[in-house]
Q: 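Can you keep this structure in mind? I'll have questions shortly.
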2 protein chains.
Amino acid sequence: MATSYGQFCPLAKAMEILDERWTVLIVRELLLGSTRFNELRRGVPRMSPALLSKRLQALERHGIVDHEDGHYRLTACGRDLHTAVMSLGVWGLRWIEDFGDEDLDPHLLMWDVRRTVPTASWPPGRTCVAVEFTDLQRARRWWLVVAGGQVDACDYDPGYEVTATVRATLRTLTHVWRGDVSWERAMRARQVEIEAPRDVRRDVPDWFGRSMLADALAAQTAVSAG
Amino acid sequence: MATSYGQFCPLAKAMEILDERWTVLIVRELLLGSTRFNELRRGVPRMSPALLSKRLQALERHGIVDHEDGHYRLTACGRDLHTAVMSLGVWGLRWIEDFGDEDLDPHLLMWDVRRTVPTASWPPGRTCVAVEFTDLQRARRWWLVVAGGQVDACDYDPGYEVTATVRATLRTLTHVWRGDVSWERAMRARQVEIEAPRDVRRDVPDWFGRSMLADALAAQTAVSAG
DNA sequence: CGGTATCCACTACGATACTG
DNA sequence: CAGTATCGTAGTGGATACCG
């Protein structure tokens, strides 16, 4: 790596930068709005800080990232990667449905869920939803708190009244969040259980967002279908 | 490499496959129509045959490539990478204009030129155009022969009558082919010289194609501009 | 919080040669 | 033409500890 492909092809020049391990995932995190080092780390937890630092420096050197007062932000050049990154993600979503247990991670899932929660759809005031991964021992219970347009996800009981409890395996909820399967279908198959008063129960699925890629894929499929 | 990112994110799953060195360039070659092993090699000349073989096997294992009777062809899954690969290439074309001398390669350029020649624009019968890279010693002179809708590019004199001779540095002609600069502009700047009868000289630029990425970028820019 | 420093195992990659 | 075989090394990247 770090060596040139010896090709003038713009794709080759792009891949010289982007095909280094982890690099595209860091760009993804930046596109999703993370700017602090430790924020970025949460998005790529299996990466050592040393390596993350090194990659960020490389991205800065290539003019993709700007590092100022402790914030990493995409430059115009970096933001322009949006289309390509989405295309790659949509392709992955469409063609690589299966993933192994080693790809499941409740922290990562809740971190993702947290930042796609459509707070506007939630009731006014404070609302707390509990999530229980029925197949886990550790990191089994989570609480999602929305108040004043702010979201918090924590793995300890914050002590607020719980409006609804969502129960599913980690794999199932991951599939639902990715958009591989709808809430409705998962609930019909009894793979997801929502414990709450009936009227609340109907709303809960709308309180969760889903991956941007799921929306992008749906949009693309709708277009190509006519 | 070859290790999982430990993420369920479709982008991560995609990059597990695609961020291995050379892999995307091989997909590019397949998208451009190469199917034979040695044909693919011409598109990635700096790659050892052992590694190319290994990558092709990996692509086949992932269901991206189908290998049958000596032909490597993209599956539906592989063909669906078209959008993503183009996006990456367009990004590279837009933001990485500069490349070093080590990225210049007359063989690669002529191999690319050959397969984008719009034969329909050429005169009927046989036409032979000579290309001279004014800054090279070896691989300095090339001949492009179009006859019966077929194109040939060779680095030895095929012996046909030469209708026009194009002279430029390797770097200049590479820029023109990539679409960084137009024929018209390069000729006005005297960076490209076409030796031919006046009426032929006007047509020669249309006899050469240019990179698909140049067209894609132009299309994209046109849309966003208006 | 926001990184750097150091070390080491591993292996991917490139080069070259060779085979059916 | 279509790949395998072999080998050495450069360098990645993971782990751990440490610093400002």
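Every chain is numbered from 1 and lettered A, B, ... according to where its sequence line falls, protein lines coming before strand lines. Note that these values count all heavy atoms, side chains included, but never hydrogens, waters or copies made by symmetry.
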Q: Using distance alone, with no hydrogens and no angle criterion, decide if B:S211 and B:D112 have a side-chain donor and acceptor under 3.5 Å apart.
A: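 B:D112 and B:S211 do not have a side-chain donor-acceptor pair below 3.5 Å.
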Q: So is A:R167 actually on top of A:F133's ring, under 6.0 Å and inside 45° of the axis?
A: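 No.
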Q: I need the CZ-C1' distance between A:R21 and D:dT12, as an integer number of Å.
A: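 Whole-Å distance recorded here is 10 Å.
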Q: Would you kindly check if the NZ (Lys) or CZ (Arg) of B:R36 is within the cone defined by 45 degrees around the ring axis of B:Y72 and under 6.0 Å from the six-membered ring centre?
A: no
Q: Rounded to the nearest Å, what distance is computed from the CZ atom of residue A:F37 to the C1' atom of nucleotide D:dG20?
A: 15 Å
Q: Within 45 degrees of the ring normal and closer than 6.0 Å to the centroid, is that where the cationic atom of B:R126 sits relative to B:Y160?
A: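 The answer is yes, since B:R126 meets both limits relative to B:Y160.
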Q: Looking only at side-chain N and O atoms, does B:R41 come under 4.0 Å of OP1 or OP2 in D:dC1?
A: no
Q: Has B:W22 got a side-chain N or O lying under 4.0 Å from the OP1 or OP2 atom of C:dG14?
A: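 For C:dG14, OP1 or OP2 has a side-chain N or O of B:W22 closer than 4.0 Å.
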Q: Under 4.0 Å from any atom of DNA chain D, heavy atoms only: list the residues of residues 48-72 of chain A that qualify, in numerical order.
A: A:L51, A:K54, A:R55
Q: For B:M47 and C:dT16, what is the distance between atoms CE and P respectively, to the nearest whole Å?
A: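 Checked: the CE to P distance equals 17 Å.
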Q: Check the distance between D:dT12's P and A:E20's CD and give it to me in whole angstrom.
A: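 It is 7 Å, rounded to the nearest whole Å.
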Q: Please state how far atom CD in A:E16 lies from atom P in D:dT12, giving the value in whole angstrom units.
A: 14 Å
Q: Does any part of the side chain of A:F37, heavy atoms only, come nearer than 4.5 Å to the side chain of A:L56, both counted from C-beta?
A: yes
Q: Please determine if a side-chain N or O atom of B:R36 lies less than 4.0 Å away from the OP1 or OP2 oxygen of D:dG3.
A: no
Q: Are A:R178 and A:F99 in a cation-pi setup, meaning NZ or CZ lies under 6.0 angstrom from the ring centre and within 45 degrees of the ring axis?
A: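 Negative - A:R178 is either too far from the ring of A:F99 or too far off its axis.
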